[in-house]
Amino acid sequence: MIAKIIVDNKSKQVDKPFDYLVPKELEDKIKIGSRVLVPFSSGNREIEGFCVGTADTSDSKRLKSIIRTANDSIGFDEDMLELIEWMHKKYLASYLDIIHTIVPSGTALKTKEWIILENKSEEKSEIRRRITEILTDNGGSMEFKELKEMCGVDIQNQVRAMIKEGTLKKEYRQSVDIKDKKIKCVKLICDRETALESAENLRRKAPVQAKMLEVLSENEYVSLADLQKFTNGSHSTVKALEKKNLVNVFDMTVERDPYWNRVFEKTEKMVPTPEQEYAIDEITNSVKSGDGGIYLLHGVTGSGKTEVFMQTIENVINMGKSAIMLVPEISLTPQMVSRFMSRFGGRVAIFHSGLSAGERYDQWKKIRDGEADIVIGARSAIFTPLKNIGVIIMDEEHSDTYKSDMSPRYHARETAIFRASQFGAAVVLASATPSVESYYKAQTGEYKLLEMNTRYNKNKMPEISVIDMRSELEKGNKSMLSGKLYNEIEENLKRGEQTILFLNRRGFSTFVSCRSCGYVPHCPNCNISLTYHKFEDKLKCHYCGYERPNYKLCPKCGSNYIRYFGGGTQKVEDELNRLFPNATTVRMDMDTTGKKQSHEKILQKFEKDKIDILIGTQMVAKGLDFENVTLVGVITADTMLNINDYRSCERTFAMLEQVSGRAGRGSKEGRAVIQTYTPEHEAVSLVKSHNYRTFYDKEIAKRKLMWYPPFCKIVSVHFQGNVENIVAKTAKYFLNTAEKTQNISQKIQILGPVPSYISKIKNKYRWQIIFKCEDDDNLGEILSQAEMTCRKNKEFSDVAIIIDKSPGMIN
DNA sequence: AGCACGCCGACT
DNA sequence: GTCGGCGTGCTC
């Protein structure tokens, strides 16, 4: 018996099945999806592989044998193999990348090379003597990497020679590295009084140490990371305290609890409205018949889509089938998770990238073993080994988080439709603002359209005011808040109702500039200006994370006239605290939600402590549902419009509709104030009447005229490398090669090659070519071949070529 | 990706 | 002569 094996080696050239002999005793164990250990390449290195097929004969002459199975319970099934083949073709991704996204990471076998001292002999050279010496000191055997490090030089050749002579022996040892999750914690090992006394004594000489002692005396233990953050200290500060025998650093095992220790009360289902009932029935019937219907559920914000999902899923479960519920980013939708948990309890598994390897593994096993029949999660949940799928629901189907920006560059919507087709399952794409592409498919009959036009409790849609910020400026109002928004906030404070302010930019100022010479500080690694963060008084790069202290004087001309342009969330918070000193505010953006669960904590705080104003970026736009929020303010609606992508209008409209939908979800009516510099723009003006349909009609006409999706397909190719002109040269060579291809019989439009919008990130220069075409599968093959041709050219070896068949953002 | 093989210059 | 550095090509 022959097994076809994809070996775990990240190289395009070996990303194909290799034939191996299956030993007799393994024959009934090895099937599709099995994980095995195989000898590979000249040194017969032992590496892991995945079986993607079996055969009786092979064309290769010199076959090697599979050594053994490895962690065999965590592989994949035949239906997953179909998915792998489909993605390999569709997204031009390597088998290995795809396999790695569908089997839980961390369960992989890690092979390590060990060197064992067999017998001591008189060594002639210095370096050989050292090798034997180090090995002897370490008990006669060591990991090769470690040995190499201790020697400090490349010992490859010597070791090889010594193995030949029989002095040393090489051995492969495997390990799996899912372990208990542990974090470093710090606690006092003296009594509280001693700690505070020491803190007093250290106050002048070592203020950070003193601060740490104070923090520790108030807590039983504190995680090392938190302690350093609170006190602005470093590991060495903790070490100093350890030396003084005041504190102790220890490992604490933390539980893998993806449900964040919450208790869920069981809730009863609501009585559906006629619109909801119709949708539930339609989908349920489709699941029952197994006809694989694809539905576009277009429901206005607050129309009760979640209840439709839950009742549909309940019906599906009652049929003995399972369901996948996809949400844009699970950490942003804790409310959705808790509603599902409370309704369905332990039958729910959750799956998203925020889980630790261990948590992920536990959830994965739960799904595979059939202990869960509902999976709720972000885009990667589409790959969980759920059986007998009845329905796949995708909430906020227009969201760009469904597109993977790493290989495999899949779109979860397309993948969901493929997965569903394997099971004859129904697909439900839901949104208040569907993507233009999906709505078009609903118009042409490819998807079935379900509409829900009224809000669940017959609430009115929030009343929207669009404020022209140009006239505010003319009136002499230079602040970030228009008169209208100011008044509305004041009104809300008086009434004791809550407000959400939205601004798509974090930090304090978008860029900093010297008033006398015009100098603008840029990131040294990226071609982008630095953002000022006031509370830390730092300049930060939002692309690579670079940061430096703020300039007191202009580094170029020495002037102290430094001006801060544009506003971010920090500036809004600053201004609010000044204008409404008695109001409580909380900010939610990448800077405040760095840690796991902090999203949720901020939201809980907002709800429980009745914080007056929540200020946030993107992340406040999605799925939040608070009774007492009656006012939503959008500080600048234009930021997204100015991005040069054909979807910028669509995104702006969706974002504004989404954000304003956060207001008035309870019994009180909601208002939204949208500030803009382009009030005449339809993406802005049509939100006022919540008229998706009119917006769609205008947008689709534009797309048709300009030949953009859904009327064409787009494929982007990116080039990244260390030397700018080589990157450019590669791009040109690539295009040349692709254009020489004979079998292009379709209409193609090419934009580029040009430098990317941000032409350098993390010291890598970036170029791009955008292809518009009729058939992206055909074009993809051509481009993939052009890539291979470029790969063969040594000059371009430094340049990464990335082909993306449904690019998230093109600019 | 890693590893062997092979070619070439430098050093005991 | 031999050691070690790097370019090239293959991996069932």
Side-chain angles (χ1 to χ4, degrees), chain A residues 1-23 26-27 30-32 34-70 93-100 105 108-115 122-131 143-149 151-165 167-174 406-407 721 787-801:
Chain A
M1 182 171 144
I2 305 292
K4 302 201 173 286
I5 306 291
I6 299 287
V7 292
D8 198 346
N9 181 324
K10 241 192 207 148
S11 164
K12 266 233 153 128
Q13 288 149 68
V14 291
D15 190 60
K16 58 179 181 194
F18 286 91
D19 289 355
Y20 279 89
L21 273 170
V22 181
L26 288 180
E27 276 189 0
I30 287 172
K31 52 184 187 300
I32 283 168
S34 292
R35 296 168 73 158
V36 292
L37 197 66
V38 290
F40 190 68
S41 193
S42 42
N44 281 334
R45 260 169 325 123
E46 294 175 10
I47 58 173
E48 195 180 15
F50 298 85
C51 175
V52 293
T54 52
D56 296 326
T57 55
S58 168
D59 293 338
S60 316
K61 282 177 232 143
R62 279 177 312 182
L63 288 175
K64 294 178 185 174
S65 283
I66 289 173
I67 297 166
R68 62 179 173 91
T69 56
S94 71
Y95 283 111
L96 197 64
D97 281 342
I98 301 167
I99 289 171
H100 279 310
S105 59
L109 272 185
K110 295 248 164 72
T111 298
K112 283 175 179 162
E113 213 179 322
W114 280 69
I115 303 300
E122 271 310 304
E123 292 299 347
K124 27 208 181 273
S125 79
E126 169 68 22
I127 188 74
R128 284 184 170 209
R129 271 197 295 276
R130 277 214 57 193
I131 292 171
E143 202 199 320
F144 177 67
K145 247 191 187 161
E146 222 177 310
L147 179 66
K148 191 172 151 186
E149 234 161 72
C151 290
V153 285
D154 193 1
I155 51 169
Q156 192 83 257
N157 287 325
Q158 286 86 352
V159 169
R160 209 174 291 143
M162 287 162 84
I163 290 170
K164 248 184 196 163
E165 289 161 17
T167 320
L168 300 179
K169 203 178 85 182
K170 187 155 60 168
E171 205 178 280
Y172 294 100
R173 297 185 186 173
Q174 280 85 18
M406 288 184 323
S407 175
E787 183 197 347
M788 291 297 252
T789 313
C790 287
R791 283 276 83 92
K792 282 191 193 118
N793 193 325
K794 233 184 54 209
E795 194 188 352
F796 308 138
S797 61
D798 165 59
V799 181
I801 300 172

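The figures here come from the full heavy-atom set of this structure, side chains too, leaving out hydrogens, waters and symmetry mates.
Separating the NZ atom of A/Lys16 from the C1' atom of B/dA1 is a distance of 14 Å, rounded to the nearest angstrom. What separates CG of A/Asp15 from P of C/dC12 is a distance of 15 Å, to the nearest Å. Taking atom CG of A/Asn44 as the reference point, atom P of B/dC3 lies 12 Å away to the nearest angstrom. The separation between A/Leu63 atom CG and C/dT11 atom C1' is 13 Å, rounded to whole Å. Separating the NZ atom of A/Lys10 from the P atom of B/dG2 is a distance of 10 Å, rounded to the nearest angstrom. Separating the CE atom of A/Met1 from the P atom of C/dC12 is a distance of 19 Å, rounded to the nearest angstrom. Here the P atom of nucleotide B/dA1 and the OH atom of A/Tyr95 are 20 Å apart, to the nearest Å. Spacing between atom CZ of A/Arg45 and atom C1' of B/dG2 amounts to 5 Å, rounded to whole angstrom units.
Annotation: side chain of A/Ile30 is in contact with side chain of A/Ile66 (closest heavy-atom distance under 4.5 Å). No side-chain heavy atom of A/Arg791 sits under 4.5 Å from any side-chain heavy atom of A/Lys12.
Listed by chain and number, the residues in a side-chain hydrogen bond (donor to acceptor under 3.5 Å, both in side chains) with A/Asp97 are A/Ser94, A/Ser407 (sequence neighbours excluded). For A/Asp798, the side-chain contact (heavy atoms from CB on, under 4.5 Å) criterion is met by A/Asn722, not counting sequence neighbours. Partners of A/Gln13 by side-chain hydrogen bond (donor to acceptor under 3.5 Å, both in side chains), not counting sequence neighbours: none found. Here A/Leu63 pairs with A/Ile2, A/Asp19, A/Leu21, A/Ser58, A/Ser60 under the side-chain contact (heavy atoms from CB on, under 4.5 Å) rule; sequence neighbours left out. Looking at residues two or more places apart in sequence or on another chain, you find no salt bridge (charged side-chain N to carboxylate O under 4.0 Å, His left out) involving A/Asp15. Residues satisfying the side-chain contact (heavy atoms from CB on, under 4.5 Å) criterion with A/Pro39, sequence neighbours excluded, are A/Tyr20, A/Asn44, A/Lys64, A/Ile67. Every side-chain contact (heavy atoms from CB on, under 4.5 Å) that A/Ser41 has, sequence neighbours left out, goes to A/Arg45.
Residue A/Phe40 is classed as a base contact, given a heavy-atom separation below 4.0 Å to a base.
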Between protein and nucleic acid, restricted to nucleotides 8-10 of chain C and to nitrogen or oxygen atoms under 3.5 Å apart, what atom pairs and distances do you find?
| residue | atom | partner | partner atom | Å |
| --- | --- | --- | --- | --- |
| C/dT8 | OP2 | A/Lys794 | NZ | 3.4 |

Taking N or O atoms only and anything under 3.5 Å, show me the protein contacts with nucleotides 6-8 of chain B, one pair per line.
none

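Note on A/Lys64: a side-chain N or O is less than 4.0 Å away from OP1 or OP2 of C/dC12.
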